[in-house]
Amino acid sequence: MLAVGLLVALIVFARSNAGWVHRLDVSFDDNLNGYVAGHPAQVSTWKVVSDIGGPLTWRILAGGAALVLFLRHLRREAVLVVVAMVGAWVSSGTIKALVDRHRPIVPTPVDHVGGGSFPSGHALTSFTALGLLVLLIWPITSRWWRALVVTAAALVVLGIGFSRLILGVHYLTDVLGGWLIGLLLLIAATQAIRARR
């Protein structure tokens, strides 16, 4: 599958911390940092986006959604949510530990975060959670509502991913890697639920 191949390539690049992809990562972060360092109001705004869009927010929302689905006797859907979100949590921590990539060092730091850099937990978790929303509403809504939800979900995911980049706490490949892992989790969870049927 293309997504698996791309993810493997990103992991290899992240582990090496060298080559043209790493240089592109560093250049991208430095350029964003050069811009945002002179705009403290934007730093504050992106910090709010990053804080609200963090993994804990999506885990709480997903837990509530799973409970509602279970109480409405939509047990397969509830299991899908739980499996995908637990998978996001576990894979984020595991891959961060295995890749062991350091956070970017930008000329003018505007935010400080600990832990590994690859993948972005914000990107992974938000993509997984909002991808689940799209999957769950798809069969029960009209074309217009589908387009609206997909567009809104994509904008939120992009906004959260961009917040991690402009704050200088992730490389571009960290965010792309998070999205790819989220996509693979959604595919795997969906296939598992279908197999149980």
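A heavy-atom distance below 4.5 Å is not found between the side chains of Asp29 and His170. In this structure the side chain of Leu133 reaches within 4.5 angstrom of the side chain of Leu130, judged on heavy atoms. Two residues are said to be in side-chain contact when any heavy atoms from C-beta on lie closer than 4.5 Å; Tyr171 and Leu176 fail this criterion. Between Phe28 and Leu32, the closest side-chain pair of non-hydrogen atoms falls below 4.5 Å. In this structure, the side chains of Arg75 and His73 come closer than 4.5 Å at one or more pairs of heavy atoms. At least one side-chain heavy atom of Val150 sits under 4.5 Å from a side-chain heavy atom of Trp138.
In this structure, the side chain of Arg146 engages the main chain of Thr141 through a donor-acceptor pair within 3.5 Å. Thr57 places no side-chain N or O within 3.5 Å of a backbone atom of Gly53 that could act as its donor or acceptor partner. Without hydrogens or angle criteria, Ser126 side chain to Ala123 main chain gives a donor-acceptor distance under 3.5 Å.
Atom NZ of Lys47 sits about 12.5 Å away from atom CD1 of Ile166, to the nearest 0.5 Å. We find the CD1-CH2 distance between Ile160 and Trp46 to be 10.0 Å, quoted to the nearest 0.5 Å.
The two residues Ala62 and Met85 make their nearest non-hydrogen contact at CB-CG, 3.5 Å.
Linking ILVMFWY side-chain heavy atoms closer than 4.5 Å, directly or via other members, places Leu185 and Leu2 in a single hydrophobic cluster. Ile181 and Leu158 end up in the same hydrophobic cluster when Ile, Leu, Val, Met, Phe, Trp and Tyr side chains are linked at under 4.5 Å. Note on Val175: it clusters hydrophobically with Tyr35, by side-chain heavy-atom contacts below 4.5 Å among ILVMFWY residues. Val81 and Phe70 fall into different hydrophobic clusters, defined by Ile, Leu, Val, Met, Phe, Trp and Tyr side-chain heavy atoms under 4.5 Å apart, directly or through other members.
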Open item on the list: Does Phe118 form a side chain to side chain contact (heavy atoms under 4.5 Å, CB included) with Leu10? I'd like the steps, not just the answer.
Closed with: CA-CA 9 Å; Phe118 186 95; Leu10 288 178; 4.0 Å; yes
For a side chain to side chain contact (heavy atoms under 4.5 Å, CB included) check, start with the C-alpha distance between Trp144 and Leu148, then their side-chain angles and the critical distance, and finish with the verdict.
CA-CA 6 Å; Trp144 188 87; Leu148 181 64; 3.7 Å; yes
Run the numbers on Leu69 and Arg76 for side chain to side chain contact (heavy atoms under 4.5 Å, CB included), then give the verdict.
CA-CA 9 Å; Leu69 290 167; Arg76 285 191 182 93; over 6 Å; no
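Salt bridge present: Asp174 and Arg101 bring a charged side-chain N and a carboxylate O closer than 4.0 Å.
With sequence neighbours excluded, the residues that form a side chain to side chain contact (heavy atoms under 4.5 Å, CB included) with Ser92 are Lys96, Leu124.
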